[in-house]
Amino acid sequence: MAEPLRSVRMRFRTLVLATLVLATIAPAGSAAAAPAPATAYVALGDSFTAGPLIPPPDPAPPGGCMQSLLNYPHLVASHYGMTNFRDVSCSGAKTDDMFNHQNVQPGPNPPQLDAVNAGTQLVTLQIGGNDIGFGELVSCVALLPLGTPCRDRFAPGGVDQMTSRIAATRPKIDAVMASIRARAPHAAIYLLGYPSILPENSTGCWPVMPYAPGDVPYLVNIEKQLNEMLRQSAAANGATYVDLYAPTLGHDACQLPGARWVEPVAAAVGAAPVHPNVMGMIVAHSVLVATLNATGP
């Protein structure tokens, strides 16, 4: 179970200072450079890991990945006092970018899996959203709060393209974890799901999150399907699934500032729209640390 929110908030300043000290001691810790000596902890992932527009940005290249020094991998590394740590997550990453260069500007970002080697003991992975077309879902806005334009677009005639894309992404997630196993046979792998973005049992909050009320249940269900696929993949590949959805319920992008842990499309503050803010990263860190402590890798 994640730490109580009050405890998380009390530790926030300590985490920030420790993280900044860590960055000062090892400024190349998150650089996507040539393969280096064994790295104890490697963080792989997309923008939900990188933390775009959460200050302060990581000054290490490639800047196009938009990593934050306060994303959950940096907070976890700081929590355990890890200096032998690399965060190679990159905004916009897909499973293909685990194996190939990702073209970001400035960049490119080398294949994320290049950071994993035989001495790696811990790998966290959060990927899959961009494979199914997260950007397309985000852009499926309604000019008026009427109808179901998203569902009409992605599930015409009852055949849901998103459900098909989620199924097609499963073997790609499996392949990434198989490659991690091959590169780091003794590493513990933690596959993270995605946090709650839209409220459950609600019509949403158009126009702050400009999705038609009729589409909100559909969009919530798509995210649940994605997380369930990730959970099943983790179980099939001997990894530990880290649920970020349940701990973030009630803190979606429709909540007021301070209560929301994901920023909305309109008036996003301190993070990219429809992405975790600093509190979202702190909570992700808290849930991951609790899981690590419980499973004892």
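Remember, predicted model here, so these are calculated numbers, not experimental data.
- Side chains of Y72 and S286: no donor on one and acceptor on the other come within 3.5 Å.
- No donor-acceptor pair closer than 3.5 Å links the side chain of R260 to the backbone N or O of G280.
- By the 4.5 Å heavy-atom criterion applied to side chains, H79 and H285 are counted as neighbours.
- The aromatic rings of H251 and W261 lie parallel to each other, their planes meeting at an angle below 30°, with 60° marking the opposite boundary.
- Neither side chain, T148 nor D215, offers a donor N or O lying under 3.5 Å from an acceptor on the other.
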Quiz: residues 197-207 side-chain donor-acceptor pairs under 3.5 angstrom, not counting sequence neighbours:
| unit_1 | atom_1 | unit_2 | atom_2 | d |
| --- | --- | --- | --- | --- |
| E200 | OE2 | K224 | NZ | 2.4 |
| E200 | OE2 | Y245 | OH | 3.0 |
| S202 | OG | G204 | N | 3.0 |
| W206 | NE1 | A142 | O | 2.8 |

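- Centroid-to-centroid, the aromatic rings of Y80 and Y41 stay 6.0 Å apart or farther.
- Under a 3.5 Å cut-off, the side chain of T295 and the backbone N or O of T291 do form a donor-acceptor pair.
- Between the Q121 side chain and the A40 main chain, no donor and acceptor come within less than 3.5 Å of each other.
- Minimum heavy-atom separation, V274 to V262: C-CG1, 3.9 Å.
- T169 and R165 form no side-chain donor-acceptor contact under 3.5 Å, judged by distance and modelled atom types alone.
- For the 3.5 Å distance criterion, the side chains of N117 and T120 qualify, holding a donor opposite an acceptor.
- No hydrogens or angles considered: nothing links the side chains of N227 and D243 as a donor-acceptor pair under 3.5 Å.
- Distance alone, capped at 3.5 Å, places no donor-acceptor pair between the Y190 side chain and the Q126 backbone.
- N221 contributes no side-chain N or O that, together with a main-chain N or O of P217, makes up a donor-acceptor pair within less than 3.5 Å.
- The shortest distance between side-chain heavy atoms of T49 and L44 does not fall below 4.5 Å.
- N130 places a side-chain N or O within 3.5 Å of a backbone atom of A93 that can act as its donor or acceptor partner.
- Among all heavy-atom pairs drawn from V123 and A187, the shortest one is CG2-CB, 4.2 Å.
- Under the 3.5 Å distance criterion, the side-chain polar atoms of H275 are matched with a main-chain donor or acceptor of P273.
- No donor-acceptor pair closer than 3.5 Å links the side chain of D46 to the backbone N or O of S91.
- If you take CD1 on I127 and OG1 on T95, they are separated by 6.5 Å, rounding to the nearest 0.5 Å.
- A pairwise comparison of heavy atoms in Q112 and V88 identifies CD-O, 3.1 Å as the closest pair.
- Using modelled atom types, one finds a donor on one side chain and an acceptor on the other under 3.5 Å when comparing D174 with N237.
- Residues Y218 and D160 bring a donor and an acceptor atom of their side chains to less than 3.5 Å of each other.
- Taken from CD1 in I222 to CZ in F134, the straight-line distance is 13.0 Å, to the nearest 0.5 Å.
- When all heavy atoms of L249 and S196 are compared, the pair lying nearest together is CD2-OG, 3.9 Å.
- Counting only distance, with no hydrogens or angles, the side chain of S78 and the backbone of H74 share no donor-acceptor pair below 3.5 Å.
- Side-chain atoms of N71 come within 3.5 Å of backbone N or O of S68 as a donor-acceptor pair.
- For the atom pair OG of S47 and CD1 of I54, the computed distance is 10.0 Å after rounding to the nearest 0.5 Å.
- Here OG1 of T248 is found 11.0 Å from CD of Q255. Values are rounded to the nearest 0.5 Å.
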What's the verdict on side-chain contact (heavy atoms from CB on, under 4.5 Å) for R170 and Q232, showing C-alpha distance, side-chain angles and the deciding distance?
CA-CA 9 Å; R170 165 66 191 273; Q232 292 179 12; 3.9 Å; yes
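- Atom CE in M177 sits 14.5 Å away from atom NZ in K172 (nearest 0.5 Å).
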